[in-house]
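Here is the structure we will look at, set down as structure tokens.
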Amino acid sequence: GDSVTQMEGPVTLSEEAFLTINCTYTATGYPSLFWYVQYPGEGLQLLLKATKADDKGSNKGFEATYRKETTSFHLEKGSVQVSDSAVYFCALTRGPSGGGADGLTFGKGTHLIIQP
Amino acid sequence: DTAVSQTPKYLVTQMGNDKSIKCEQNLGHDTMYWYKQDSKKFLKIMFSYNNKELIINETVPNRFSPKSPDKAHLNLHINSLELGDSAVYFCASSQDHLSGNTIYFGEGSWLTVV
């Protein structure tokens with residue numbers, strides 16, 4: 001079945017550091033890929049997405065590129081802030097050739113802590 | 001206006017009780033979902049409905065029964081609550097159930113069974 005693997009945290013960085021959170025996936029067909037963010041005590045918000053190979057999703061200084069050859073969708077940010085502290089989830093929906101999308105398959109989440 | 005709204009946000013109840021969580025979306029979407037987030041933050045789909053019809057029913061105890069009176073609403077009823085049902089339950093919606101459509105989440109309902 002489909003699966004998403006991402007580095008588990010907590011990941012602790014200093015403010016203004018460079019961030020990479022790795023995400024790899026296994027899926028039939030051509031999935032769409034997403035990063036969601038969950039701030040403490042809040043719900044899930046879409047951070048960015050990419051729907052086909054080589055697409056780059058970006059938002060709020062975060063970027064991720066859909067790499068089909070390595071089945072990866074790593075999240076990056078050049079300079080993190082304390083306010084970026086949250087749990088980040090990589091997720092996919094299966095493409096039509098895989099039988100249609102059945103909602104999101106999530107990774108286990110990466111807890112990011114940014115220290116001042 | 002909140003796009004996907006669910007109530008209540010917090011619910012503390014005793015084992016054996018029956019409770020419901022309501023969800024409404026005002027985005028005009030055809031597809032709605034329920035997800036469960038456990039204590040380790042792991043998220044897993046429970047159900048999805050497309051135009052009021054059930055299209056996904058993952059391995060969920062039949063104590064959990066979703067009800068979709070119209071495509072803007074998907075309520076979750078839980079019978080005979082157990083300690084292991086304690087979790088955060090997220091309602092969500094998308095334009096349809098095709099891949100690539102963004103799935104929008106509600107703010108979650110924190111259920112604690114004591």
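Each chain gets a letter, A, B and so on, in the order its sequence line appears, and its residues count up from 1. Reckoned from all heavy atoms, side chains included, excluding hydrogens, waters and symmetry mates.
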Do you know the tightest heavy-atom contact between A:Y36 and B:I103?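 That closest heavy-atom pairing would be OH-O, 2.6 Å.
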
Nearest heavy-atom approach of A:E42 to B:W110 is O-CH2, 4.0 Å

Counting C-beta onward and ignoring hydrogens, is there a side-chain heavy-atom pair between B:Q37 and A:F106 closer than 4.5 Å?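 They are not in contact (no side-chain heavy atoms under 4.5 Å apart), so the answer is no.
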
Within the 4.5 Å heavy-atom criterion, are A:Q38 and B:K41 side-chain neighbours or not? yes

Nearest-0.5 Å distance, CZ of residue B:F90 to CG of residue A:L104: 12.5 Å

If you count heavy-atom pairs under 4.5 Å between each of A:Q45, A:K108, A:K52 and chain B, which one has the most? A:K108

Looking at [X], I want to see if its [atom1] is surrounded by more than 12 non-hydrogen atoms of other residues, nucleotides or ligands under 6.0 Å.
{"X": "B:K71", "atom1": "NZ", "value": "yes"}
{"X": "B:Q14", "atom1": "CD", "value": "no"}
{"X": "A:K68", "atom1": "NZ", "value": "no"}

When clusters are formed by joining ILVMFWY residues with side-chain heavy atoms under 4.5 Å apart, either directly or through shared neighbours, do [X] and [Y] land in the same one?
{"X": "B:F47", "Y": "B:L81", "answer": "yes"}
{"X": "A:L48", "Y": "A:F34", "answer": "no"}
{"X": "B:Y10", "Y": "B:V113", "answer": "no"}

Under a 4.5 Å heavy-atom cut-off, does chain A meet the side chain of B:K44, its backbone, both or neither?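 No part of it gets close to chain A.
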
Need one label for A:L46: side chain, backbone, both or neither, based on atoms under 4.5 Å from any heavy atom in chain B.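 The answer is the side chain of A:L46.
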
